[in-house]
Asks: 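Shown below is the structure under consideration.
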Amino acid sequence: MSGEDLYAKVMELAKRRGFFWPSYEIYGGVAGFYDFGPLGSLLKQKIINKWRRFIVRNHSNYVVEIETPIIGPSKVYEASGHVENFTDPIVTCLKCGRKFRADHLIEEKLGIDAEGLSPEEMTRIIREHGLRCPVCGGELGEVKLFNLLFPTQIGPYEGNKGYIRPELAQGMFVAFKRVLETMRGRLPLGIAQIGRVGRNEISPRQAMMRLREFTIMEMEYFIDPEDEEGSCPFYGRVKKETLRVRPYKAKEAGEPPREYTVEEAVDAGIIIHKCMAYWMVIGKRFLESLGVPPENMYFEEKGPHERAHYSSQTFDQMVKVARWGWVEVAGYSYRGDYDLSRHMKYSGQDLTVFKPYEKPRTVKVRKVILDRAVIGRTFKSEAKKILEEASKLPEEKLEAMASGKEEPIIAGKRIPREAFRIVEKEVKITGRKIVPHVVEPSFGTDRIVYVAFEYAYREKAGRTILSLPRDIAPIEAGVVPLVEKDEKLREKARQLYEILVEAGYHVVYDESGSIGRRYARLDEIGVPAVFTIDYQTLEDGTVTMRDRDTWRQVRLPLEETPAALRRFLYEAADITELGIPVEGTGEE
RNA sequence: GCGGCCGUCGUCUAGCCUGGACUAGGACGCCGGCCUUCCAAGCCGGCGAUCCCGGGUUCAAAUCCCGGCGGCCGCACCA
């Protein structure tokens, strides 16, 4: 089957059976938005819960999940750099309509550094130098700003601008201090969040691959930049594992991705931090558990110009899909201290973490101070101003004045020599304040749902089977009576249905059409196991359990079904371990 | 946003070039009935389409023309 065909079939199934479809269809649709239907939203929930298990629960000593608002005040996104960097100056050719980055065009054609210029200034430069469209030679219009942030207004006052978050990260950075406090001030600390974000893409395409509103699963992993070892206590567990990586240099040289052991990639500096490598391994395992084979996945490093403004290294986790080839499903960025530093600056809050030394250190500190008594006596009412000015001067400057290397003039007054005092004292330092660095794995949920769905698509004997990993199947089990007519079978089947629902499963009961048709219907929506009530059930209380993927059946006592289902769904049990095989069932 | 191709029941599609007998046909699915003791059997009946939206040309538009919206591909864009 070609990629085109597979994509078409997958989308057809998705729409027909209610997994997902384009939003606002009755009004003609709006590009970049998708609905999840009944089965799709269940599937998405299961994938999200699996992510929780991989990222949060398996690291619950270090990683916690929070939830923060979708709308944020302007200030937050000024601090994060999105207001500035998420905005592109765009100029449109009046003739052919092509759009160009105005600053890039000016720099490229005229050699003028246009970064940070206003749109008016750029328009003026374009007019003065007679710049024209580089493609068709047409006249260029005015430079306009285009920002990918969705703007909104908070409350009734127009000045109170807000934005829909373009990523989850700022929620974690802004709440960092309080979360750190509740986690008793220790690093490393991972703060995870799952939620919707909005990016006003210029022209979204590729179905669910590029949306204007989508769900991200993200974690900010805060670490002490000087303690790589302590930051990644789990590193030892994964260092022998392999990752397929394509470093930026290899990409430039046109080389394909290569397999590295984690240790190798870290030691060679290909991955700049152990924590990056660790979370990449977790991400790899996560996608594998959703049905993506290792050979259809690799990590691609982004080049300096392709990276976001905050990142010093970024890897994209790429997965192969039928129609578009390699698509990015997750990103791993080393954000350094960029965000916390910016928020410290913009908010004026101290977001540092205190790291105690193992033993307090004593250091001798030499300090130049002004004798308040002398200053006061000498300058009377001027004294306050002088002391104020003096406190702003750097230590070296005071030192120079005290030692006579520089004229001792402060606030326009000559300070008498005896006002300078040099004190030496011992100070006990119990630790240091650090601005944590951040490693950020970030997953595009909707793309991942699509990927899992596509990889599950199978055709067998003219039928469609949605062979989802059992633990993410939206409906966990089916219950069917062998024939529709027989009231005794139906009653027994409804009983079993109740038992399974009571045990916490998501079950469908289906009695319409022939038995084969029902199996087919359930295969198509990926139900891993179907229990059938037949005439033997009425005699000995056993039912058959059918495996979606092999069509093999086993027979087991009705009351054992909840436990068997558990083993089947979550412990990867083979169907044949769960009961007595039924003769003549299985693949044709 | 430009250029190319495209838009018809839930889904896939016929019809469009050459306007009228189209009350828009079929298949699959779905619903009801009959039948049915393990893999989409069969029979009967039913529901289901403002032919993407708006305008124009014409006695007459699913069909021709214009504009918009949406989809895919290429260019640009994708922090």
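Each chain gets a letter, A, B and so on, in the order its sequence line appears, and its residues count up from 1.
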Asks: Using a cut-off of 4.0 Å on non-hydrogen atoms, how would the nucleic acid contact of A/Arg205 be classed: base, sugar-phosphate, or nothing?
Replies: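 Base contact.
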
Asks: Closest approach of A/Glu25 and A/Trp21, non-hydrogen atoms and distance?
Replies: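 The pair with the smallest heavy-atom distance is OE1-CD1, 4.0 Å.
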
Asks: Write down the partner of B/rA62 under the Watson-Crick or G-U wobble criteria, each distance required to be under 3.5 Å.
Replies: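 Partner of B/rA62: none found under 3.5 Å.
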
Asks: Report which part of the nucleic acid A/Arg546 touches: base, sugar-phosphate, or nothing (heavy-atom distance under 4.0 Å, all strands).
Replies: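 Touches a base.
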
Asks: Closest-nucleotide mapping onto RNA chain B: is A/Tyr27 or A/Pro166 further toward the 5' terminus? I mean the 5' end.
Replies: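 The answer here is A/Tyr27.
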
Asks: What nucleotide, of B/rC78, B/rU37, B/rA40, holds the atom closest to the side chain of A/Arg517?
Replies: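 Given the options B/rC78, B/rU37, B/rA40, the side chain of A/Arg517 is closest to B/rA40.
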
Asks: With the side chain of A/Asp534 defined as its heavy atoms from C-beta on, choose the nearest nucleotide among B/rC31, B/rU11, B/rC38.
Replies: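 Out of B/rC31, B/rU11, B/rC38, the nucleotide with an atom closest to A/Asp534's side chain is B/rC38.
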
Asks: What is the nucleic acid contact for A/Ser311, judged by heavy atoms within less than 4.0 Å: base, sugar-phosphate only, or nothing?
Replies: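 No contact.
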
Asks: Looking only at N and O atoms, is any donor in the side chain of A/Ser514 or the base of B/rC35 less than 3.5 Å from an acceptor on the other one?
Replies: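 Absent.
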
Asks: If you only use heavy atoms from C-beta on, which nucleotide in B/rC31, B/rC39, B/rC78 is closest to the side chain of A/Tyr519?
Replies: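 The nucleotide sitting nearest to the side chain is B/rC39.
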
Asks: Under a 3.5 Å limit for both distances, which nucleotide forms a Watson-Crick or G-U wobble pair with B/rA24, could you say?
Replies: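 Per the H-bond distance test, none.
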
Asks: Using atom C1' of each nucleotide, how far apart are B/rC9 and B/rA24 to the nearest Å?
Replies: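 Looking at atom C1' only, B/rC9 and B/rA24 are 10 Å apart.
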
Asks: Counting any heavy atom closer than 4.0 Å, what does A/Ile515 reach on the DNA or RNA strands: base, sugar-phosphate only, or nothing?
Replies: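 Answer is sugar-phosphate: A/Ile515 comes under 4.0 Å of backbone atoms only.
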
Asks: Let me spell it out: for each of A/Glu25 and A/Met208, pick the nucleotide of RNA chain B with the closest heavy atom. Which residue's pick is nearer the 5' end?
Replies: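 Comparing both residues, the 5'-ward one is A/Glu25.
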
Asks: Hey, are A/Arg246 and A/Glu301 close enough for a salt bridge, meaning a charged N less than 4.0 Å from a carboxylate O?
Replies: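 Here A/Arg246 does not pair with A/Glu301 in a salt bridge, since their nearest N and O are not under 4.0 Å apart.
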
Asks: Is A/Trp324 close enough to B/rC73 that one of its side-chain N or O atoms is under 4.0 Å from OP1 or OP2 there?
Replies: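 It does, given that an N or O in the side chain of A/Trp324 lies less than 4.0 Å from OP1 or OP2 of B/rC73.
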
Asks: Could you check A/Thr544, A/Asp540, A/Asp534 and say which one makes a side chain to side chain donor-acceptor pair (under 3.5 Å) with A/Arg555?
Replies: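 Only one option passes, and that is A/Asp534.
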
Asks: Consider the side chain of A/Thr544, meaning its heavy atoms from C-beta on, and name the nucleotide among B/rC38, B/rC77, B/rA40 that approaches it most closely.
Replies: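 The nucleotide sitting nearest to the side chain is B/rC38.
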
Asks: Could you measure between the two P atoms, the one in B/rG10 and the one in B/rC5, and give it in whole Å?
Replies: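 Pairwise P distance, B/rG10 against B/rC5, rounds to 28 Å.
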
Asks: Is the distance from the ring center of A/Phe214 to that of A/Tyr34 below 6.0 Å?
Replies: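 Ring-ring flag for A/Phe214/A/Tyr34: false, centres at least 6.0 Å apart.
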
Asks: Do A/Phe222 and A/Phe173 have ring centres separated by under 6.0 Å?
Replies: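 They qualify: ring centres under 6.0 Å apart.
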
Asks: Got more than 12 heavy atoms from elsewhere within 6.0 Å of CD1, A/Ile580?
Replies: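 Not buried by this count: 12 neighbours or fewer within 6.0 Å.
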
Asks: Which nucleotide in the list B/rU37, B/rC12, B/rC39 gets nearest to the side chain of A/Glu12?
Replies: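 Minimum distance to the A/Glu12 side chain belongs to B/rC12.
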
Asks: To the nearest Å, give me how far apart CZ (A/Arg17) and P (B/rC30) are.
Replies: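 To the nearest whole Å, that distance equals 7 Å.
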
Asks: Measure the distance from CH2 on A/Trp326 to C1' on B/rC78 and round it to the nearest whole Å.
Replies: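 In whole Å, B/rC78 C1' and A/Trp326 CH2 are 20 Å from each other.
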
Asks: Please report the shortest heavy-atom distance between A/Pro474 and A/Leu468, naming the atom on each side.
Replies: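 Residues A/Pro474 and A/Leu468, closest heavy atoms: CD-CD1, 3.6 Å.
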
Asks: Which is true for A/Thr464 with a 4.0 Å heavy-atom rule: it touches a base, it touches only sugar-phosphate, or it touches nothing?
Replies: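 A/Thr464: base contact, heavy atoms under 4.0 Å.
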
Asks: Report the nucleotide, chosen from B/rC39, B/rU36, B/rC78, that has the shortest atom-to-atom distance to any side-chain atom of A/Lys485.
Replies: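 Out of B/rC39, B/rU36, B/rC78, the nucleotide with an atom closest to A/Lys485's side chain is B/rU36.
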
Asks: If you take atom types as modelled and just measure distance, does the side chain of A/Gln553 reach the base of B/rC38 with a donor-acceptor pair under 3.5 Å?
Replies: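 Looking at the base of B/rC38, it does pair with a donor or acceptor on the side chain of A/Gln553 (distance under 3.5 Å).
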
Asks: Rounded to whole Å, how long is the line connecting atom OH of A/Tyr7 with atom C1' of B/rC6?
Replies: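 Rounded to the whole Å, the gap is 14 Å.
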
Asks: Using the C1' atoms only, state how far B/rC75 lies from B/rG55, rounded to an integer number of Å.
Replies: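 To the nearest whole Å, 31 Å.
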
Asks: Base, sugar-phosphate, or nothing for A/Glu484, non-hydrogen atoms under 4.0 angstrom?
Replies: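 Base, at least one base atom sits under 4.0 Å.
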
Asks: Once hydrogens and angles are ignored, does a donor-acceptor distance under 3.5 Å link the base of B/rC39 to the side chain of A/Arg463?
Replies: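 Yes, a donor-acceptor pair under 3.5 Å.
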
Asks: From C-beta outward on A/Glu524, which listed nucleotide comes closest to its side chain: B/rA40, B/rU11, B/rC77?
Replies: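 Selected nucleotide: B/rA40.
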
Asks: Considering just the side-chain nitrogens and oxygens of A/Arg521, establish if one lies under 4.0 Å of OP1 or OP2 belonging to B/rC30.
Replies: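 For B/rC30, OP1/OP2 do have a side-chain N/O of A/Arg521 under 4.0 Å.
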
Asks: Mind checking the P distance from B/rC22 to B/rG68? Whole angstroms is fine.
Replies: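 Result for the P pair: 35 Å, nearest Å.
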
